[in-house]
Amino acid sequence: MRLWTHVNSVHSPLKIQSRVLFLTIFAAGIGGTFQFGYNLSIINAPTLYIQEFTNETWQVRTGEPLPDRLILLVWSIIVSLYPLGGLLGALLAGHLAVTLGRKRSLLVNDLCTVAAAVLFGFSRRAGSFEMIMLGRLLVGVSAGVSMNVQPMYLGESAPKELRGAVAMTSAVFTALGIMMGQVVGLRELLGGPQAWPLLLASCVVPGLLQLGSLPLLPESPRYLLIDRGDTKACLAVPRPVHTSRKLFIRGVGAGQTQPLPSRDPRRRATPATQALRRLRGSEDVEEELVELREERAACGAGGPRRPWHLLGDPALRRQVVSLVVLGSAMELCGNDSVYAYASAVFRAAGMPEHRISYALVGTGACELLASLVSSAVVERVGRRVLLMAGYCLMTCWGSVFTAALCLQDSYPWMPYLAMSCVFGFILSFGIGPAGVTGILATELFDQTARPAAYAVYGVLLWTMLFLLGLGFPFLMEGLSHFIYVPFLAVCVCGAVYTGLFLPETKGKSFLEITQELHRLNFPRDPRWRGPEVLQFTEL
């Protein structure tokens, strides 16, 4: 009985403190990529109501109705301002992450969401569709910042054994946001003709949740130690009178000396140490602090890099190419087009019009389920396997879907096969590309290049999203039933590139990943072996 009481007394604080990482994941996600998916999906339900509001507003101002083509133009601008705002947010994200930190960037970003919600909520009372335009631009900026900062924050805060699973929760919250937007947009909730301003303004709820919870949680330890230069993150050891202990890092950052970690509990821990202890739920974090200090030495004395620095650095050649190729493949693989085509597929299958919205909720639930499964198994099977499996499955489902579209008038059961392919395609996307692609910038780049890498990735993502939304109607008209053939080619290229050129990063520290990528970028340079740690006592 005494032993059991002692065990409980020892481990109960550990269990309580270890919850901090889980709470950090939730607080970062609910106001981060959840907002991206939520604002991406809720705009579909009030389409007709916003167009009618635009026409009525114009008629009140001028006394004449707005022509149909101009109504469609205004609606197109409202929709396209979201990816435009995302592009602006992606350009700002790297600078914010360096100057304010990962956590503060997310908190400042919530102000855009609150301002957008106010514009949405009072747009009808003010009789201004311009307020809707400005609100969509602001929520786009918010999404662009959060999609870059959140995976960076979580990837730097997680231990290397869980880094992939924790970083992939960004995709889980994106899928959750898409599904919740579809649910809230149902006619029985906020999808009615009178409630659409509340539907658009409901994005304030997750923003307020993040504002209330994230300030209580720690900042990224890597940001505190490496970017802010917290050189005393390890507990300082009292020096003897005639002895000094030093740590030399050879290789990148050679010549720097750092004090060794100490186990002396009498000295006050600095912010990086405190953050790491809270995230790990343990007082014994000195081994990981040593790894962080080695990583800091390997990064050298230079400050954060700019996006254009990445393009001209031969040591980052493979990383940049992998980010561009796989980031483009994720956007051009056809998943967003499947969502856009889903309503027509369900309608062709004979589904009643009033039930199509519920079927669309099922598509969002499929992506959420696949993202959860992928996050659970990524540390077992690895990143490369999930990416290759996802693209290969998408190629199979897309091929069957193309055949079903071509033969839907010949066989009565073909529309049902096409409907099954929609769900299969979305599940396959959630298994691999949806989550794994988003953590490439975290794992393939070091601390100084990571914000710039996310800036490049964000600009690429939002530009592709804008161009795809602009060109998809023309593809649909020009290719008809063969619309998914170009997307299939992209899926094949994504699978081949992953298998041939993407290194596996499962279970490796950031420093080990950097060493492996250096060997891949410079296969004929045998001199660099990574940092070699030598400890000695100098009298």
Side-chain angles (χ1 to χ4, degrees), residues 31 34-92 108-146 177-178 180-211 357 462 465-466 469-470 473:
F34 178 89
Q35 289 278 32
F36 164 68
Y38 188 76
N39 289 290
L40 189 66
S41 61
I42 61 172
I43 198 64
N44 295 323
T47 299
L48 295 178
Y49 308 137
I50 294 178
Q51 291 179 359
E52 292 174 359
F53 168 72
T54 302
N55 187 32
E56 293 170 1
T57 302
W58 187 264
Q59 192 167 3
V60 169
R61 293 178 183 177
T62 63
E64 298 180 357
L66 196 64
D68 291 342
R69 65 180 184 276
L70 293 182
I71 293 177
L72 185 60
L73 176 62
V74 172
W75 172 249
S76 301
I77 293 175
I78 291 174
V79 174
S80 61
L81 280 174
Y82 185 66
L84 179 61
L87 180 61
L88 295 176
L91 292 172
L92 293 173
V108 171
N109 187 44
D110 289 325
L111 299 179
C112 291
T113 303
V114 174
V118 172
L119 292 171
F120 289 143
F122 291 98
S123 58
R124 185 169 61 182
R125 178 171 295 184
S128 172
F129 57 84
E130 293 87 355
M131 293 174 67
I132 302 177
M133 293 181 178
L134 182 57
R136 287 293 290 177
L137 181 65
L138 288 177
V139 294
V141 172
S142 175
V145 172
S146 63
I178 291 174
M180 289 301 299
Q182 293 168 340
V183 171
V184 176
L186 293 175
R187 191 178 183 88
E188 292 81 0
L189 296 177
L190 296 180
Q194 301 300 321
W196 63 264
L198 293 177
L199 174 63
L200 297 180
S202 61
C203 63
V204 74
V205 176
L208 293 178
L209 287 175
Q210 185 174 77
L211 281 173
S357 57
W462 289 102
L465 186 63
F466 177 78
L470 192 66

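Along the sequence shown, residues carry numbers from 1.
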Side chain to side chain contact (heavy atoms under 4.5 Å, CB included) between Glu188 and Ser357: does it pass, once the steps are laid out? CA-CA 11 Å; Glu188 292 81 0; Ser357 57; over 6 Å; no
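Under the side-chain contact (heavy atoms from CB on, under 4.5 Å) rule, Phe120 has a single partner from Val204, Leu134, Val139, Leu138, which is Val139.
Trp196 has its ring centre less than 6.0 Å from the ring centre of Phe53.
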Taking distance alone, no hydrogens or angles, what donor-acceptor pairs closer than 3.5 Å link side-chain atoms of residues 108-115 to residues at least two apart or in another chain?
| from | atom 1 | to | atom 2 | distance (Å) |
| --- | --- | --- | --- | --- |
| Asn109 | ND2 | Ser142 | O | 2.8 |
| Asn109 | ND2 | Ser142 | OG | 3.2 |
| Thr113 | OG1 | Ser142 | OG | 3.0 |

Please output the side-chain donor-acceptor pairs of residues 42-52 that fall under 3.5 Å, not counting sequence neighbours, one pair per line with the distance.
| from | atom 1 | to | atom 2 | distance (Å) |
| --- | --- | --- | --- | --- |
| Asn44 | ND2 | Ser41 | O | 3.4 |
| Thr47 | OG1 | Ile43 | O | 3.3 |
| Thr47 | OG1 | Asn44 | O | 2.8 |
| Tyr49 | OH | Arg187 | NH1 | 2.8 |

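Of all the heavy atoms in Gly121 and Ala201, the pair that sits closest is N-CB, 4.0 Å. Annotation for Gly135 and Ala116: closest pair O-CB, 3.5 Å, computed over non-hydrogen atoms.
Looking only at distances, a side-chain donor or acceptor of Arg124 sits under 3.5 Å from a matching main-chain atom of Gln194. Looking at Gln35, its side chain does come within 3.5 Å of a backbone N or O of Cys203 through a donor-acceptor pair.
Taking CH2 from Trp462 and CG from Leu84, the interatomic distance works out to 10.5 Å, rounded to the nearest 0.5 Å. Note that CG of Asn55 and CG of Leu66 are 6.0 Å apart. Values are rounded to the nearest 0.5 Å. One finds the CE atom of Met180 at 9.0 Å from the OG atom of Ser202 (value rounded to the nearest 0.5 Å). Atom CZ of Arg136 is separated from atom CG of Leu81 by 8.5 Å, given to the nearest 0.5 angstrom. Once rounded to the nearest 0.5 Å, the distance linking CD of Glu130 with OG1 of Thr57 reads 8.0 Å. To the nearest 0.5 angstrom, Ile71 atom CD1 is 11.0 Å from Trp58 atom CH2.
For the pair Met133 and Ile77, the minimum side-chain heavy-atom distance is below 4.5 Å.
Residue pairs satisfying the side-chain hydrogen bond (donor to acceptor under 3.5 Å, both in side chains) criterion with at least one member in residues 64-84, sequence neighbours excluded, are absent.
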